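Keep in mind that what you see is a predicted model, and the values were worked out from it rather than measured. Proteins come first, then strands; the chains are lettered A, B, ... in the order of their sequence lines, and each starts at number 1.
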Number of protein chains: 2
Amino acid sequence: MTVSKAAEATAKGAEAARARRDASDEAGEALQLGELSEQLGYVLKRAQLKVFENFLRCMASLQLTPAQFSVLLLVEKNPGRNQTEIASTLGILRPNFVAMLDNLESRDLCARIRSTNDRRSHILVLTDKGKAVLGRAKKLVATKHEARLNELLGGANRESLIAMLSKIANEF
Amino acid sequence: MTVSKAAEATAKGAEAARARRDASDEAGEALQLGELSEQLGYVLKRAQLKVFENFLRCMASLQLTPAQFSVLLLVEKNPGRNQTEIASTLGILRPNFVAMLDNLESRDLCARIRSTNDRRSHILVLTDKGKAVLGRAKKLVATKHEARLNELLGGANRESLIAMLSKIANEF
DNA sequence: CGATAATTGTTATTGACCATATCAAATATC
DNA sequence: GATATTTGATATGGTCAATAACAATTATCG
C-alpha cells in the first residue's frame with residue numbers, strides 16, 4: 001500500500017518527461033516490451049491466440065472451432081471409440097464433452113451409437129455429412145490456414161516449429 | 001441425425017476388431033492422433049498449456065500467474081504509464097484489468113497513483129516490495145523455467161522458436 | 001467562454017471454458 | 001450375488017474474455 005517517495009517521484013518524473021515529449025510529438029509512443037518479448041509463455045500465448053483467430057476466419061463458412069475440428073479429425077481416424085476415449089486424448093473432461101457432442105450431433109456431423117459390447121458407452125461415428133464437412137474443412141485448413149504459415153515461415157521452419165512445439169507439449 | 005448403415009457397420013466392425021485384440025492384449029491401446037499432430041493450432045495450444053503449467057509450478061512460492069508476471073514486467077519497464085496503456089499492450093481489456101490491479105495492489109506489489117497531468121488516469125508504479133518480488137520472480141523463471149526449455153531444445157533452437165512465435169504473433 | 005464529445009477507471013453482466021462432485025445405468029470384481 | 005468401477009450425463013462453481021453503461025475529467029469546437 002505504501003509507495004516509496006522515491007518510486008513516486010520517479011513515476012511522476014517519467015510521466016512528466018513523456019508528457020513533455022508528447023507535446024511536441026503527436027501520438028503517445030509505444031510501450032517498451034522489454035524482457036516480455038523473450039518470455040516463452042507470453043509469445044506462445046499470443047501466437048496461439050492469433051492462430052486460433054485465423055483458423056476461425058478460415059473456417060467461417062463451415063462454422064467449425066479448432067476444438068470441433070480436432071474432434072472430427074480424431075473420430076474419423078479412430079472409428080469405434082467411445083466418448084471417454086475421444087475426450088481424454090483431446091484433454092477434454094468428459095462432462096464438458098457432452099455439450100460439445102450435442103452440438104456436433106445436432107448439426108448431423110457425428111452420431112453416438114449405443115455399443116453392443118458395453119451398453120454403457122456410446123460409440124462415435126462421423127455421419128456422411130460429417131465426413132463431407134471434414135473433407136472441406138481439411139481443404140480450407142490446407143489452402144488458407146497452413147498456407148499462410150508456410151508463406152510466413154517457409155516449409156522447413158514450419159516443420160521444425162511443429163516439432164519443437166510437439167516436444168514441449170509432450171515432455172515439458 | 002441419420003447415420004448411414006455403412007458407417008454404422010464400419011464402426012461396429014472397428015469396435016469389435018479392437019475388442020478382440022484387447023482381449024488378448026492388456027490395456028486399451030492408444031488412439032491414433034493422425035493429422036492432429038501436424039495441426040499448428042492443436043500442438044500450439046497444448047504446448048502453451050504445458051508451459052503455463054510449468055510456469056505456475058516454478059512460481060508457486062511467489063504466487064504469480066503468467067499474466068501477473070507480465071504486468072509487473074511491463075510496469076517496471078514503463079514507469080509512469082496509466083492503466084489503459086499497460087492493459088492494452090498486454091491485450092487485456094480495461095474492465096478486466098481492474099480486478100487484476102486490485103489483486104496486485106492488495107498484495108502491495110504495485111500501486112495506482114492519481115496523475116497530476118490528467119486527473120482521470122492512474123499512473124502505475126511498482127512498490128519496493130513489488131520490485132523485490134519481481135526480481136525473485138525473474139530469477140526463478142531463468143533458473144527453473146527457461147532453463148528447462150534450454151535443456152529440452154538447446155539454446156539455438158530456443159531462440160529460433162521464440163523468433164518464429166513472435167513472427168506469428170505479430171504478422172499472422 | 002460554454003456546450004458537446006471523448007477518455008479514464010469502474011461496475012455490472014454475459015458467454016465461453018475448465019474443473020469437481022454426483023447420479024443412474026451398466027458392467028466388472030470378488 | 002453383493003460390492004466396486006465405469007460410462008454418459010447433470011449441476012454447479014471458477015476463471016477469463018467481451019460488451020454496455022456510468023461518473024468524473026478532459027478535449028474539442030462553435
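Counting only heavy atoms from C-beta on, A/Asn96 has its side chain closest to C/dA19 among C/dA19, C/dT10, D/dT7. The side chain of B/His122 has C/dG9 as its nearest neighbour among D/dG8, C/dG9, D/dT19. Listed nucleotides D/dT19, D/dA9, C/dT27 differ in distance to A/Pro95; the shortest reach to its side chain belongs to D/dA9.
Rounding to whole angstrom units, CZ of residue B/Arg94 and P of C/dA6 are separated by 16 Å. Atom CG of B/Leu93 is separated from atom P of D/dA18 by 5 Å (rounded to the nearest Å). One can place CZ of B/Phe52 at 10 Å from P of D/dC16, the figure rounded to the nearest angstrom. Taking atom CE on B/Met100 and atom P on C/dT11, their separation rounds to 16 Å, with Å as the unit. Summarising the geometry, the separation between CG on A/Leu101 and P on D/dA9 is reported as 7 Å, rounded to the nearest angstrom. At whole-Å resolution of the value, CZ in B/Phe97 and P in D/dT15 are 18 Å apart. Summarising the geometry, the separation between CD1 on B/Ile123 and C1' on C/dT7 is reported as 14 Å, rounded to the nearest angstrom. Between B/Leu124 atom CG and C/dG9 atom P the separation is 8 Å, expressed in whole Å.
Ranked by how close their nearest DNA chain D nucleotide is to the 5' end, A/Asp118 and A/Lys45 are led by A/Asp118. Take the nearest nucleotide of DNA chain C for A/Ile92 and for A/Arg120: the residue whose nucleotide is more 5' is A/Ile92.
OP1 or OP2 of D/dT25 sits under 4.0 Å from a side-chain N or O of B/Arg119. Between D/dG8 and A/Thr84, a contact under 4.0 Å exists linking OP1 or OP2 to a side-chain N or O. Between D/dA9 and A/Arg112, a contact under 4.0 Å exists linking OP1 or OP2 to a side-chain N or O.
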List the steps, then state whether ring-ring contact (aromatic ring centres under 6.0 Å, His included) holds for B/Phe69 with A/Tyr42.
-> CA-CA 10 Å; B/Phe69 179 67; A/Tyr42 177 75; over 10 Å; no
Report the C-alpha distance between A/Gln83 and A/Arg112 in whole Å, list the side-chain angles of each, state the deciding distance to 0.1 Å, and finish with yes or no for side-chain hydrogen bond (donor to acceptor under 3.5 Å, both in side chains).
-> CA-CA 9 Å; A/Gln83 298 185 195; A/Arg112 307 181 228 224; 3.2 Å; yes
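For B/Glu171, the CD atom sits in a packed shell: over 12 heavy atoms of surrounding residues, nucleotides or ligands are nearer than 6.0 Å.
We find that B/Glu151 and B/Arg148 are joined by a salt bridge, their nearest charged nitrogen and carboxylate oxygen being less than 4.0 Å apart. Ion pairing between A/Glu76 and A/Lys138 holds under the 4.0 Å rule for side-chain N and carboxylate O.
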